[in-house]
Asker: 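This is the structure I want to talk about, given as structure tokens.
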Amino acid sequence: MGKKLDAIAKKWWQQQEGKPDKGEPRKVTLKPYLSTKKFQNRDCHFWYQQLAGFTPNPMQQKLFDLIEQKEFSPFLFKSPTGSGKFEAVLFPALSTKCRLILPLPARSLIEDQKQRIQKYLKRFSALNPEREISLVIDTGSQMQRWVYRNGQEEPKPRTYNPRRHLYKGDVILTTLDKFIYRYFAFGDKQKSFVFPLRIHRNKTTEEKTIICFDEAHSYDEIAFTNFQSLVQSLYEAGRSLILMTATMPKQYVDRFDYLDVIDCIDNPGNAEALRQFQQQTLNQAYPEKRGFEWLTQIQINEQIPELFPQQIAELVVKEWKAKLNRRIIAVVETVKDAATIYTEVREQLIDDLADGAENFLFLYHGRIDQHIRPELYRQLKSRDDENQPYILITTSAIEVGCDLNSEILISEICPPENLIQRVGRCNRRGNISDAKVILVGNTIQEFANTLDESGWQTYQETLQQLTQFETQKIAECISRSPHIDDYRVVELFSMLHDYVYSADLTCQPAHEKGLVVTRSWTPSATLIYDDGTHIELKDMPQVTVPIDRLIIKKDKSNLYANTDVYEQYYDQEETRWKLRNLHWGVAYQKDIIIKIHQSNDGASTYEGFHDYPYNPELGFVELPGIFIKLRTHGFDAKLLYQHGSSDRKKSVIITYTKSLEEAS
């Protein structure tokens, strides 16, 4: 009977999986043997001309030769913004059949890099018709695989299947946060340890793995502590590592003194070779030339907060009308200011943006719906590539990794390292004779400031002396306080590493809790707006925000009606994700969903309050008040959530760990 049941179950399983019965004939596909001989004479210049249409600069040639050896030592690579660091790693990785893992500092950068990578992979597959090239994107919410053959992309991406892990690809594009999760084998429990296996695949010359951390200067505080621990662990394991940066402070560079340094910024010989190459290839007398103006009279007014964005909007319109067909980027620190400036500019240019007119005005920030943001960037990038005019109002979301070439950059005053990154989006290709940078404001906002009083004084003096933007002088102002590692983050990283890679069972409880602090001790929640047009939760407008940004204000001005809080869990019996009301417990072990309903589609959480003012064009500008912060001592933080009618109100408390600063 047992054997009979086993045979029946096996036959049913084969039918479900689409597998042939034992008696059916098996099909065998024969493919031509891929000979490497025809690739032997394809050097660095060949690949750059075929894939990008330009000649490699000295820095790119140096990295190509280095990676082509396959046994290169891990190194930290410093090069100016816009010098082609991305291509310098991607092209040799493809040509040498090395698998490339690219962890980026933010999810917002992935769309830009995805478009660039896809363009190159299509061209590369056309040159290698026998070879299948694949791109994997893993951000947690998005796990997909694209395949390219003969210069064409397969019609549909191979969507994530929980029974198949997607770290099997030629290029893996992910975020630092998700990469750390994969490094510690968090994922589908049945196959979670496949991730570390593939991350560390480095045994054969035919299947070498390169791990490249782009924009390595972007991490600070807890994120830098984890980043530093991760890089050191990979280095000690003998992995092929590359750290790429344009503005990493010397205090941070010194933390990676075990890496070789290739410096094309501070090394006079390398910097001069790169400069001469740019002048010769551009055949222009103004590579990276940018005029500079610092307007200190425009400042944030605490009594009249609307004044600052209005002044920026007027400045944007003035520059737009001064010369036709311009590309202008305006960067401010907060989403609220960006949305206000965008609205003001749109009203002042209402005639130019009339029905039927070509759209040239864009708003881009991290709280625009994750479904809209990629298409928004695609349209913007298309206009930029075709030298068509546009106005972009944005935040630091555009600061790193985005390949834009504006003529005018207007920026709220910010730390020097941020300013250099922003200016990297202006005259990026050195082909604009009258490019200009306009810095506005006389005080760096406190939450963004990295300078002490002495550093701020030096920075001001430098800015006052400039009439042309000089990257080197601004770079000399970069300064950060000595980084002090949070010992709890270091210990947690060590415990997870010992369990996954040394089978230390005393550290198993830490792994089972699923706690990985990647950037902050404060966990995040997903904010979703249900406008009634979508059935599936994944299709609704949504963004991710830290839960401490959702604290109810004292005046209750951020309370909105029809707001409900859930937690998402996996139903083993129904084998699908479901929602339930938020329960008491530790926030790290919860996937918190905050759902805002339109009008009266859902039960009102706070009776008498207005509906949430969601606008798809502006994004989630306002953040709703959800939790009451309870006063606690020690390292535990507690948030209270209350729901239900006043006579039957229910309370839920969730906890998480405070940072060292909060605890003290």
Side-chain angles (χ1 to χ4, degrees), residues 81-82 112 115 278 282-295 297-298 308-332 337-365 368 375-395 397-399 402-413 419 421-441 466-469 617-618:
T81 57
D112 177 47
Q115 292 182 29
Q278 290 173 331
L282 289 170
N283 291 321
Q284 310 225 3
Y286 45 86
E288 292 192 353
K289 179 181 177 182
R290 310 175 185 96
F292 181 77
E293 186 178 0
W294 184 22
L295 302 178
Q297 67 271 25
I298 297 180
F308 176 72
Q310 285 179 358
Q311 290 176 314
I312 299 295
E314 291 171 359
L315 181 59
V316 169
V317 173
K318 176 185 174 182
E319 291 294 333
W320 175 258
K321 292 184 175 180
K323 183 180 178 181
L324 296 177
N325 299 324
R326 276 184 149 178
R327 299 188 300 279
I328 300 175
I329 298 178
V331 191
V332 290
D337 280 346
T340 303
I341 294 167
Y342 173 81
T343 304
E344 289 280 342
V345 172
R346 186 179 57 187
E347 291 178 359
Q348 294 188 43
L349 298 177
I350 189 67
D351 293 336
D352 297 335
L353 293 165
D355 291 341
E358 190 175 23
N359 180 46
F360 59 82
L361 180 60
F362 297 87
L363 173 67
Y364 187 93
H365 58 75
I368 286 178
E375 175 59 20
L376 197 63
Y377 183 80
R378 189 197 65 77
Q379 294 177 20
L380 176 66
K381 188 67 173 67
S382 175
R383 294 188 70 85
D384 191 86
D385 290 343
E386 297 173 8
N387 294 323
Q388 293 181 326
Y390 62 76
I391 299 175
L392 169 63
I393 312 299
T394 184
T395 62
I398 210 78
E399 203 167 273
C402 297
D403 186 18
L404 297 175
N405 187 39
S406 69
E407 298 169 68
I408 303 292
L409 177 83
I410 301 170
S411 172
E412 179 178 345
I413 189 168
L419 182 58
Q421 289 296 326
R422 294 176 188 183
V423 173
R425 316 310 130 191
C426 177
N427 198 17
R428 187 175 180 86
R429 300 179 183 90
N431 58 354
I432 303 169
S433 60
D434 58 348
K436 183 168 58 174
V437 175
I438 303 174
L439 192 63
V440 297
L466 296 180
T467 56
Q468 293 287 324
F469 188 85
E617 191 175 10
L618 302 181

Asker: Could you tabulate the donor-acceptor pairs under 3.5 Å formed by side-chain atoms of residues 314-324, not counting sequence neighbours?
Answerer:
residue, atom, partner, partner atom, Å
E319, OE1, R326, NH1, 3.0
E319, OE2, K436, NZ, 3.3
K323, NZ, D434, OD2, 2.8

Asker: As an exercise, state the distance from CZ of F360 to CG of L349, rounded to the nearest 0.5 Å.
Answerer: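 Those atoms lie 5.0 Å apart.
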
Asker: Can you sort out the partners of Q115 under side chain to side chain contact (heavy atoms under 4.5 Å, CB included), two or more places apart, ordered by chain and number?
Answerer: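 E111, Y377, R378, K381.
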
Asker: Taking side chain to side chain donor-acceptor pair (under 3.5 Å) as the definition, give me every residue that meets it alongside R422, ordered by chain and number, with sequence neighbours left out.
Answerer: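 In terms of side chain to side chain donor-acceptor pair (under 3.5 Å), with neighbours along the sequence ignored, R422 is linked to E333, E399, S411.
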
Asker: Side chains of F308 and V332, heavy atoms from C-beta outward: is any pair under 4.5 Å?
Answerer: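 SC-SC contact between F308 and V332 confirmed.
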
Asker: Does the N427 side chain pair with the main chain of I432, one donor and one acceptor, at a distance under 3.5 Å?
Answerer: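 Here the side-chain-to-backbone pair exists.
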
Asker: Quick one: list whatever passes salt bridge (charged side-chain N to carboxylate O under 4.0 Å, His left out) with E293, sequence neighbours left out.
Answerer: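 So E293 forms no salt bridge (charged side-chain N to carboxylate O under 4.0 Å, His left out) with any residue.
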
Asker: I'd like to check D337 versus I312 (side-chain heavy atoms, cut-off strictly below 4.5 Å). Are they in contact?
Answerer: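 They are not in contact (no side-chain heavy atoms under 4.5 Å apart), so the answer is no.
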
Asker: Rounded at 0.5 Å granularity, tell me how far CG in L363 sits from CD in E617.
Answerer: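 Reported to 0.5 Å precision, the distance equals 7.5 Å.
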
Asker: Compare all side-chain heavy atoms of I329 with those of Y390 and state whether any distance is below 4.5 angstrom.
Answerer: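 Counting from C-beta outward, I329 and Y390 do come under 4.5 Å.
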
Asker: Show the nearest heavy-atom pair for residues L618 and I368, with the distance to one decimal.
Answerer: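 In terms of heavy atoms, the two residues are closest at O-CG1, 4.1 Å.
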
Asker: Any side-chain heavy atom of R327 within less than 4.5 Å of one from D384?
Answerer: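 Answer yes - side chains close enough.
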
Asker: Side-chain contact, heavy-atom cut-off 4.5 Å: P389 with R383?
Answerer: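 SC-SC contact between P389 and R383 confirmed.
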
Asker: Going from CD on Q310 to CD1 on I341, what distance comes out if it is rounded to the nearest 0.5 angstrom?
Answerer: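 Reported to 0.5 Å precision, the distance equals 10.5 Å.
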
Asker: Taking H365 for its side chain and I393 for its backbone only, find out whether a donor-acceptor pair lies under 3.5 Å.
Answerer: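 Absent.
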
Asker: State whether the side chain of R346 and the backbone N or O of Y342 hold a donor-acceptor pair below 3.5 Å, judged by distance alone.
Answerer: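 No; judged by distance alone, with no hydrogens or angles, the pair does not exist.
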
Asker: Nearest 0.5 Å, what's the CG-CG distance between L380 and L361?
Answerer: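 If I round to the nearest 0.5 Å, the distance is 10.5 Å.
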
Asker: What distance do C426 atom SG and I328 atom CD1 have between them, rounded to the nearest 0.5 Å?
Answerer: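 Answer for the SG-CD1 pair, C426 versus I328, is 10.5 Å.
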
Asker: Does F362 have any ring-ring contact (aromatic ring centres under 6.0 Å, His included) partners at least two apart in sequence or in another chain, and if so, which?
Answerer: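 Per chain and number, F362 pairs via ring-ring contact (aromatic ring centres under 6.0 Å, His included) with no residue.
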
Asker: Out of curiosity, L392 CG to L376 CG, how far, rounded to the nearest 0.5 Å?
Answerer: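 Between L392 CG and L376 CG, I get 8.5 Å after rounding to 0.5 Å.
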
Asker: Restricting to ring-ring contact (aromatic ring centres under 6.0 Å, His included), what partner residues turn up for W294, sequence neighbours left out?
Answerer: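 ring-ring contact (aromatic ring centres under 6.0 Å, His included) list for W294, sorted by chain: empty.
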
Asker: So which of I438, L439, T467 actually passes side-chain contact (heavy atoms from CB on, under 4.5 Å) with F292?
Answerer: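 Result for side-chain contact (heavy atoms from CB on, under 4.5 Å) with F292: L439.
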
Asker: For the residue pair L419 and V423, establish whether any side-chain heavy-atom pair is separated by less than 4.5 Å.
Answerer: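 Counting from C-beta outward, L419 and V423 do come under 4.5 Å.
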
